Amino acid sequence: DAGITQSPRYKITETGRQVTLMCHQTWSHSYMFWYRQDLGHGLRLIYYSAAADITDKGEVPDGYVVSRSKTENFPLTLESATRSQTSVYFCASSEDGSSEQYFGPGTRLTVT
Amino acid sequence: AQKVTQAQTEISVVEKEDVTLDCVYETRDTTYYLFWYKQPPSGELVFLIRRNSFDEQNEISGRYSWNFQKSTSSFNFTITASQVVDSAVYFCALRDNYGQNFVFGPGTRLSVLP
């Protein structure tokens, strides 16, 4: 199906484990983004990518790693999960640098 | 630095009332883009509107209308004859001209009571 998908939708992991959240879009959008949404903080940008092999930090990048070897995929890795990374993670894409973003359904991550 | 302020944390109205959600932004760019998104209780984020900084025309889409005023750096959103299905968190967002910086406001939670 066309659109933007995220997997898994729900994940529970333990402190210190590595976790990868997947994001896939079928529109061939140039830009992709990762946000986290927490009560009291709204949506905060973690990383974004303007094109394949181009990534840059957002507001809250510490503890996260991204890669973008293919235009359609933008995985987010928590190298050593911490409880403070418990959150809902949204992936988004936009066609270019001025367009609106379209969001995936979100991944609810709990770190115990 | 860019910033988006949504001063109304929560609003409650009774069905069929009109309601306006405020959005004030800060940017040094002369070219920028403004957006509104809706997040219903189900959690997804739904794009509503995009406006560029050179287009100050107000827009109406059904019961929704948007008032963009550069002079006051505001991009307010009005729902006419609100319905229960309008209950959601609404986010205003700002994107810079370079396409990299996308800043969201804290959101306004709208509750429409039957």
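Small disclaimer: the values here were computed from a predicted structure and weren't measured. Chain identifiers are assigned alphabetically (A, B, ...) following the order of the sequence lines, protein sequences preceding nucleic acid strands; residue numbering begins at 1 within each chain. All values below come from the heavy atoms of this structure, side chains included, with hydrogens, waters and symmetry mates left out.
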Is the count of non-hydrogen atoms from other residues, nucleotides or ligands lying under 6.0 Å from A:R108 atom CZ greater than 12?
no
B:F91, part contacting chain A, at a heavy-atom distance under 4.5 Å
side chain
Going hydrophobic residue to hydrophobic residue with side-chain gaps under 4.5 angstrom, can you get from B:F68 over to B:L48?
yes
Are B:W66 and B:Y25 connected in the hydrophobic side-chain network, where two residues link if heavy atoms are under 4.5 Å apart?
yes
Does any heavy atom of chain B fall under 4.5 Å from the side chain of A:Q37, the backbone, both, or neither of them?
side chain
Say you draw a straight line from CD of A:E100 to OH of B:Y37; how long is it, rounded to the nearest 0.5 Å?
6.5 Å
What distance do B:F102 atom CZ and A:Q101 atom CD have between them, rounded to the nearest 0.5 Å?
4.0 Å
So which atom in A:S98 and which in B:Y33 form the shortest heavy-atom distance, rounded to 0.1 Å?
CB-CZ, 3.2 Å
Should B:Q39 and A:F90 count as side-chain neighbours, where that means a heavy-atom distance under 4.5 Å?
yes
With a 4.5 Å heavy-atom cut-off, do B:L45 and A:L43 have their side chains touching?
yes
Check: A:Y35 and B:F104 side chains under 4.5 Å, non-hydrogen atoms:
yes
Check the hydrophobic clustering (I, L, V, M, F, W, Y; side-chain heavy atoms under 4.5 Å; chains of links allowed) and say if A:V66 and A:F33 are grouped together.
no
Step through the shown structure and confirm whether more than 12 heavy atoms of other residues, nucleotides or ligands are within 6.0 Å of OH on A:Y10.
no
State whether the number of non-hydrogen atoms from other residues, nucleotides or ligands found under 6.0 Å of B:K70 atom NZ is greater than 12.
yes
Going by atom types only, do A:S99 and B:R95 share a side-chain donor-acceptor pair under 3.5 Å?
no
Count the heavy atoms belonging to other residues, nucleotides or ligands that lie under 6.0 Å from CG of B:L113, then report whether that count exceeds 12.
yes
